[in-house]
Each structure stands twice: as C-alpha cells, then as structure tokens.
> 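Here's a structure for you.
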Amino acid sequence: MKRTLRHLKKEATEKALARVAFDLTMEHGLDGFTVEELVQQVGCSRRTFANYFTCKEEAVALGAISVTNTAELERLLTQLPENASLLDLLYELVKMQLTSELIGRLHQLVILSRTYPVLEPHYLAAMHRLQTQAQETLLDLSNGQYDEIYTYLLISAIYGTVLPLIEGRLHVLLPGQNIASHDRSDAVSFDHFMETVFDHLRKGF
C-alpha cells in the first residue's frame, strides 16, 4: 500500500527524534540531557515526543536503527531476478539492511546498555523491530511461493546469529575494527562471517 504524505511526515519526525536522542546520549550520556532539550533541538513539542515514545530510552534505542530505509530496501529487492530463491532474497536483504553504519550503531547501543542497564530491554526491542521488518519484507517479496515456516526459520537463523555478533560474543571484527584492536588474532572480518553464515544455510546448516 502506498504511504501517504502524512505517514511519511510522521515517520520523519519519529526518526529525527530518535536520531537526536541517540546522538545526545553518545555525546553526553543518557543522564546528560532532558526530553525538553531533545525536542527543542528537533523543533517540536514534548507532546509530539509523547506521541511516538513512552520514554527517552525507547527513543535512544530506535535512534540506533533509524539509518535503515525499509521502503528503499523493498524497492531494491524487487529488482532481483524473478527466479531468485528465498535464500537469495534473504542474502540481498541482509546485505542491504545490516550496513556497516547500522552494525556500528547497534554495537554502540550495546556498550551504552552496559553503562545504563535501563536501555537493555529497548535494545532488544530494537533488534526485534529489525527482525520483524526483515520478515515482513521477505514474506511480501516471496509472494506466497514459499512455506511461511521456512521463511521464519531462515530469518530467525540469521538474526539469532547477528545478536551475539553485535554483543561481541563472536570472534568477528565489527565494521571499523581491526586485528590490532581486537583481543583475538584469529578474528574474521564481518563480510567473511556473513558469507560463512549463508554458506551453512545453503548447505542446510
């Protein structure tokens, strides 16, 4: 369904509030600014903020993932060959969604969550939102050609592996990291990690 101008404006306002909340937290810490200061910087009211978020922490978490353009993902994916397999669609979707910028911001959110534990449930909610967006996009693109259980299985396999990656529990170099800054000399690149994950999926785990 085509989105209306009103919907696009609301989405833009939500993203603006979220991005500023995330940036302010990175610069000043979660306790270093108020919602009043946040809305003043965006140019809206506190009531507008309350229309989108229940608390400052929720806005910060969404700010970490607000670099993803769902509409652009769908547009690009529709340009793939008609005979592309579901796994091919997922591979392209993940490459487009999990950009270096997004992975970096999510990792920063994880670090913030360790300093401010109140952020942790909102970080998990943001990850769930990303996964849900991927599920909806993949289901739309598959157009009923594949079993829904298979679709959810593939999505869950990818995001279930990405979660420990972002949290630093796998020996993988996140975007911007190098071997010298990592505590393991055998850490692999992020691109190598993703290729390995999809290689396992192509072979049936």
Side-chain angles (χ1 to χ4, degrees), residues 15 18-19 21-23 25-26 30 57-70 72-74 76-77 85-139 141 150-205:
K15 284 189 174 183
R19 286 171 180 162
F22 181 82
D23 292 342
T25 303
M26 290 299 299
L30 187 61
E57 293 80 9
E58 185 182 4
V60 172
L62 182 61
I65 65 171
S66 289
V67 294
T68 300
N69 187 327
T70 306
E72 181 67 7
L73 287 178
E74 292 175 355
L76 291 171
L77 286 169
S85 69
L86 188 64
L87 195 54
D88 291 334
L89 288 173
L90 179 57
Y91 179 73
E92 295 300 329
L93 172 61
V94 168
K95 284 200 304 181
M96 293 174 195
Q97 187 187 49
L98 300 180
T99 61
S100 296
E101 182 180 10
L102 177 62
I103 293 295
R105 289 169 76 90
L106 283 170
H107 186 60
Q108 289 172 330
L109 182 59
V110 167
I111 294 172
L112 286 170
S113 298
R114 291 168 183 163
T115 303
Y116 308 100
V118 69
L119 278 173
E120 185 172 358
H122 300 287
Y123 154 66
L124 294 174
M127 288 298 301
H128 178 71
R129 182 165 175 162
L130 277 179
Q131 181 170 337
T132 300
Q133 287 174 350
Q135 287 171 346
E136 291 174 350
T137 301
L138 201 60
L139 286 168
L141 290 170
Y150 178 54
T151 303
Y152 284 112
L153 176 64
L154 289 180
I155 289 285
S156 298
I158 291 296
Y159 286 84
T161 309
V162 166
L163 192 63
L165 163 76
I166 292 169
E167 294 174 352
R169 290 186 275 131
L170 293 173
H171 306 309
V172 178
L173 295 174
L174 295 174
Q177 289 184 330
N178 54 54
I179 287 290
S181 64
H182 203 274
D183 59 357
R184 289 283 298 256
S185 60
D186 59 346
V188 301
S189 70
F190 175 71
D191 288 341
H192 183 272
F193 163 77
M194 292 307 302
E195 291 296 335
T196 301
V197 170
F198 274 92
D199 188 47
H200 283 305
L201 289 174
R202 291 187 184 98
K203 293 176 180 177
F205 296 93

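Worth saying up front: this structure is predicted, and the values here are computed from it rather than measured.
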> Looking at Leu139, Leu90, Leu89, which one forms a side chain to side chain contact (heavy atoms under 4.5 Å, CB included) with Thr151?
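Among Leu139, Leu90, Leu89, the one that satisfies the side chain to side chain contact (heavy atoms under 4.5 Å, CB included) with Thr151 is Leu139.
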> If you compare all heavy atoms of His122 against all heavy atoms of Val118, which two are closest, and at what distance to 0.1 Å?
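So the two residues come closest at CD2-O, 3.3 Å.
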> How long is the gap from CD on Gln135 to NE2 on His128, to the nearest 0.5 Å?
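Gln135 CD to His128 NE2: 7.5 Å, rounded to 0.5 Å.
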> Kindly give the heavy-atom pair with the smallest separation between Ala61 and Ala126, and that separation in Å.
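Heavy atoms only, the tightest pair is O-CB, 3.9 Å.
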> Which distance, rounded to the nearest 0.5 Å, do you find between the CD of Glu136 and the CD1 of Ile155?
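Going from the CD atom of Glu136 to the CD1 atom of Ile155 covers 10.5 Å.
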> Would you mind reporting whether Met127 and Leu106 have side-chain heavy atoms less than 4.5 Å apart?
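The answer is yes; the side chains approach within 4.5 Å.
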> I'd like to know whether Gln108 forms a side-chain contact (heavy atoms from CB on, under 4.5 Å) with Phe22, so could you lay out the CA-CA distance, the side-chain angles of the two residues, the decisive distance to 0.1 Å, and finally the verdict.
CA-CA 10 Å; Gln108 289 172 330; Phe22 181 82; 3.6 Å; yes
> Find out whether Leu109 and Ile65 are in side-chain contact, i.e. whether some heavy atom of one side chain is under 4.5 Å from a heavy atom of the other.
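They are not in side-chain contact.
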> Does the side chain of Gln131 come within less than 4.5 Å of Ser156's, by heavy atoms?
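When only atoms from C-beta onward are counted, Gln131 and Ser156 do touch, with a gap below 4.5 Å.
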> Within this structure, what is the CG-CG distance for the pair Leu138 and Leu86, rounded to the nearest 0.5 Å?
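Reported value, rounded in 0.5 Å steps: 4.5 Å.
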> For residues 161-169, dump all side-chain donor-acceptor pairs below 3.5 Å to protein atoms at least two apart in sequence or in another chain.
unit_1, atom_1, unit_2, atom_2, d
Thr161, OG1, Ala157, O, 2.8
Glu167, OE1, Arg169, NE, 3.0
Glu167, OE1, Arg169, NH2, 2.5
Glu167, OE2, Tyr123, OH, 3.3

> Within the 4.5 Å heavy-atom criterion, are His171 and Val188 side-chain neighbours or not?
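Heavy-atom side-chain distance check fails, nothing below 4.5 Å.
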> CG of Asp191 to OG of Ser100: how many Å apart, nearest 0.5 Å?
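Reported value, rounded in 0.5 Å steps: 7.0 Å.
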> What's the spacing between Leu154 CG and Ser85 OG if we round to 0.5 Å?
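One gets 9.0 Å once the value is rounded to the nearest 0.5 Å.
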> Backbone N or O of Thr196 within a donor-acceptor pair of the Asp199 side chain at under 3.5 Å?
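No: the side chain of Asp199 does not pair with the backbone of Thr196.
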> Measuring from atom CG of Leu130 to atom CG of Leu102, what distance do you get when rounded to the nearest 0.5 angstrom?
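Spacing of CG (Leu130) from CG (Leu102) equals 5.5 Å.
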> What pairs with Met194 under side chain to side chain contact (heavy atoms under 4.5 Å, CB included), at least two apart in sequence or on another chain?
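Side chain to side chain contact (heavy atoms under 4.5 Å, CB included) list for Met194, sorted by chain: Val94, Phe190, Phe198.
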> Side-chain contact test, heavy atoms from C-beta onward, threshold under 4.5 Å: evaluate it for Met26 versus Leu112 and give yes or no.
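Contact flag for Met26/Leu112 side chains = yes.
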> With the side chain counted from C-beta on, respond yes when Arg129 and Leu62 share a heavy-atom pair under 4.5 Å apart, and no when they do not.
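Heavy-atom side-chain distance check passes, below 4.5 Å.
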> Any side-chain donor paired with an acceptor under 3.5 Å for Glu195 and Tyr91?
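Short answer, yes.
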